[in-house]
Undergrad: 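Following this message is one structure expressed as structure tokens.
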Number of protein chains: 2
Amino acid sequence: MGRSRAPGTAARILDIAERLVQSRGYNAFSYADVAHAVGIRKASLHYHFATKADLGQALVARYRQAFLESLRSIETRLAGSQERLQGYVALYGAVLRKKRMCMCGMLATDAATLPRPMRESVSGFFDENVAWLARVLEQGRKRHELLFPGAASERAAFFVSTLEGAMLVAHGSGNHEYFESASRQLLATVGPGRSKSRRYGARRPAR
Amino acid sequence: MGRSRAPGTAARILDIAERLVQSRGYNAFSYADVAHAVGIRKASLHYHFATKADLGQALVARYRQAFLESLRSIETRLAGSQERLQGYVALYGAVLRKKRMCMCGMLATDAATLPRPMRESVSGFFDENVAWLARVLEQGRKRHELLFPGAASERAAFFVSTLEGAMLVAHGSGNHEYFESASRQLLATVGPGRSKSRRYGARRPAR
DNA sequence: GTCTATAGGCAGATAGAC
DNA sequence: GTCTATCTGCCTATAGAC
């Protein structure tokens, strides 16, 4: 596979650059920033990633792959449809808690200035997420663990939109309550609920 | 008021810069870009806006004010709660159709690199939107034109999150269907609906 | 693989003439 | 108000020594 040994300089570069992209955006980080944080010189970065565009592509490709692995992990660890959706939402929450945005949400605003392969990877990320969610949603509905009208793929796109947006607003305003609140309401839209009232606002104290 | 005369150079600068920020982001536009589009030299821009931060602040202040005026216009033109919410959604749709993002959604991703006054204006924008929506939602519920559980302010934040996110994903992927679909489903969450099915997927052919 | 040195360009900003 | 000229600094990227 060609992936082994210690932390590996290339991987450390990707880790640092990932953090910078997710917190500042693609156009607001430089090779100088990365080099400083990694502890090598700017020029050495070019040995690992010839151009910034190459680094960017590697970044989003790795992110996409890691996210897919997280989705598989959710299906392995959690059997219930509600739990799987909660796990999905928690993925976003964990990113936000690190004071980061979803990398592809970040790159979505930078789309007009991105090299085409990166733009296509960003689209691919969203579509993959929708596809995974649509499967979970459809299966949940069949099993009567979830209840919602319309196509599962539409509801899946709704999930992605709401979570990306809640993260965006929470990140931009510094008010994470935007995210917590939106997550709860979002999950309530597919709950096999008593239809009205209840369901979110749950929030039992962790004991 | 100090505002009169023809198009005014300052206003033209703001128009150009606004378009650039909404399509490329704060860190991806330069005084050179603006100067070229306006038809004057870079140095002349500094006469109107001493620094890029000054220009940025003016940009978001004006955007915020214009948006508030649009909200007031909706209340003047439309009496029904459903119609007002549809009008609100249409505001976002119109921006997206111009291949732009909401300015404050754009700036939300750039937050970490923004001068503090700009960041605070971005927060203020979101909060203003939530406040306006909460009023419309609460009034609609009282009048039985809308039906939804929980606090109106929570549902208002949910609206903002979903619309910003749908716009973000649609912009980043070039697939506007993300936005159309999310809008329909969002409005359906407050419809005094027959509870299940129906309501979105409406889309009667324009005749 | 990492370094020093440097190229070439663009960024935001200023001085001063007109 | 707008111009030319210029400054300083950072950007991405390359050459070539170690």
Side-chain angles (χ1 to χ4, degrees), chain A residues 2-21 23-60 106-107 109-110 112-119, chain B residues 2-21 23-60 106-107 109-110 112-119:
Chain A
R3 192 67 43 74
S4 50
R5 251 185 323 298
T9 307
R12 283 173 52 225
I13 292 169
L14 287 170
D15 289 341
I16 301 284
E18 179 173 283
R19 177 173 58 76
L20 289 170
V21 168
S23 51
R24 316 177 80 83
Y26 184 74
N27 294 307
F29 91 96
S30 70
Y31 267 39
D33 297 328
V34 178
H36 181 262
V38 174
I40 61 178
R41 302 280 124 165
K42 279 193 297 172
S44 308
L45 292 181
H46 288 278
Y47 171 81
H48 300 280
F49 302 96
T51 69
K52 192 180 177 181
D54 291 333
L55 174 55
Q57 286 173 233
L59 234 27
V60 55
M106 261 293 179
L107 296 178
T109 63
D110 298 328
T113 69
L114 254 35
R116 172 158 340 172
M118 277 185 78
R119 243 182 299 143
Chain B
R3 194 65 44 76
S4 48
R5 251 183 327 297
T9 307
R12 281 173 52 225
I13 293 169
L14 287 171
D15 289 341
I16 300 284
E18 180 173 283
R19 176 174 57 76
L20 289 170
V21 169
S23 52
R24 314 177 80 83
Y26 184 76
N27 293 308
F29 90 96
S30 71
Y31 266 41
D33 297 328
V34 178
H36 181 263
V38 174
I40 61 178
R41 303 280 124 166
K42 276 196 301 172
S44 308
L45 291 181
H46 289 278
Y47 171 82
H48 300 280
F49 302 96
T51 69
K52 192 180 178 181
D54 291 333
L55 174 55
Q57 286 172 235
L59 234 27
V60 54
M106 262 291 179
L107 296 178
T109 63
D110 299 329
T113 68
L114 254 34
R116 175 160 336 184
M118 276 184 80
R119 244 182 299 144

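Within every chain, numbering begins at 1; the chains are lettered A, B, ... in the order of the sequence lines, protein sequences first and strands thereafter. What you see below is based on every heavy atom in this structure, not just the backbone, and it leaves out hydrogens, waters and symmetry mates. Remember, it's a predicted structure, so these values are computed and weren't measured experimentally.
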Undergrad: Tell me if a side-chain donor or acceptor on K42(B) pairs with a main-chain N or O of S30(B) at a distance below 3.5 Å.
TA: no

Undergrad: Please pick, from dT14(C), dG1(D), dG1(C), the nucleotide with the shortest atom-to-atom distance to any side-chain atom of H48(A).
TA: dG1(C)

Undergrad: OP1 or OP2 of dG1(D) sitting under 4.0 Å from any side-chain N/O of T9(B)?
TA: no

Undergrad: Are any of Y47(A)'s side-chain N or O atoms less than 4.0 Å away from OP1 or OP2 of dT2(C)?
TA: no

Undergrad: State whether the side chain of R12(A) and the backbone N or O of V38(A) hold a donor-acceptor pair below 3.5 Å, judged by distance alone.
TA: yes

Undergrad: Report the distance from atom CZ of R12(A) to atom C1' of dT2(C), rounded to the nearest whole Å.
TA: 12 Å

Undergrad: Check DNA chain D against residues 26-40 of chain A and give the residues with a non-hydrogen atom under 4.0 Å, in numerical order.
TA: F29(A), S30(A), Y31(A), A32(A)

Undergrad: If you check every side-chain atom of R41(B), which of dG1(D), dT4(D), dC3(C) has the closest atom?
TA: dT4(D)

Undergrad: Which listed nucleotide (dT2(C), dA5(D), dA15(D)) is nearest to the side chain of A43(B)?
TA: dA5(D)

Undergrad: Check the phosphate of dC3(D) against S44(B), side-chain N and O only, distance under 4.0 Å to OP1 or OP2. Yes or no?
TA: yes

Undergrad: Grab the CD1-C1' distance between I13(B) and dG1(D) for me, whole Å please.
TA: 10 Å

Undergrad: Tell me the interatomic distance from L45(B), atom CG, to dT14(C), atom C1', rounded to whole angstroms.
TA: 14 Å

Undergrad: Heavy atoms from C-beta onward define the side chain here; which of dG1(D), dG12(C), dC11(D) lies closest to that of K42(B)?
TA: dG12(C)

Undergrad: Can you identify which nucleotide, out of dT14(D), dT2(C), dG12(C), has its nearest atom closest to the K52(B) side chain?
TA: dG12(C)

Undergrad: Under the criterion ring-ring contact (aromatic ring centres under 6.0 Å, His included), which of H46(B), H48(B), H36(B) is the partner of Y31(B)?
TA: H46(B)

Undergrad: In this structure, which one of I40(B), I13(B), D15(B) forms a side-chain contact (heavy atoms from CB on, under 4.5 Å) with V34(B)?
TA: I13(B)

Undergrad: For DNA chain D, just give me the dot-bracket, please: Watson-Crick or G-U, both distances below 3.5 Å, ( ) intra-strand, [ ] crossing earlier pairs, | paired with another strand, . unpaired.
TA: ||||||||||||||||||

Undergrad: Work out which heavy atom in A58(A) is nearest to a heavy atom in F49(A); give both atom names and the distance.
TA: CB-CE2, 3.8 Å

Undergrad: For the pair made of NE2 in H46(B) and C1' in dA13(C), what is the distance, rounded to whole Å?
TA: 5 Å

Undergrad: Which heavy atom in P115(B) sits nearest to a heavy atom in A53(B), and how many Å separate them?
TA: CG-CB, 3.9 Å

Undergrad: Between the main-chain N or O of A28(A) and the side-chain N or O of N27(B), is there a donor-acceptor pair closer than 3.5 Å?
TA: no

Undergrad: If you take all heavy atoms of V60(A) and M118(A), which pair is closest and at what distance?
TA: CG1-CG, 4.3 Å

Undergrad: Do you know which two heavy atoms are closest between L45(A) and A35(A), and how far apart they sit?
TA: CD1-N, 3.8 Å

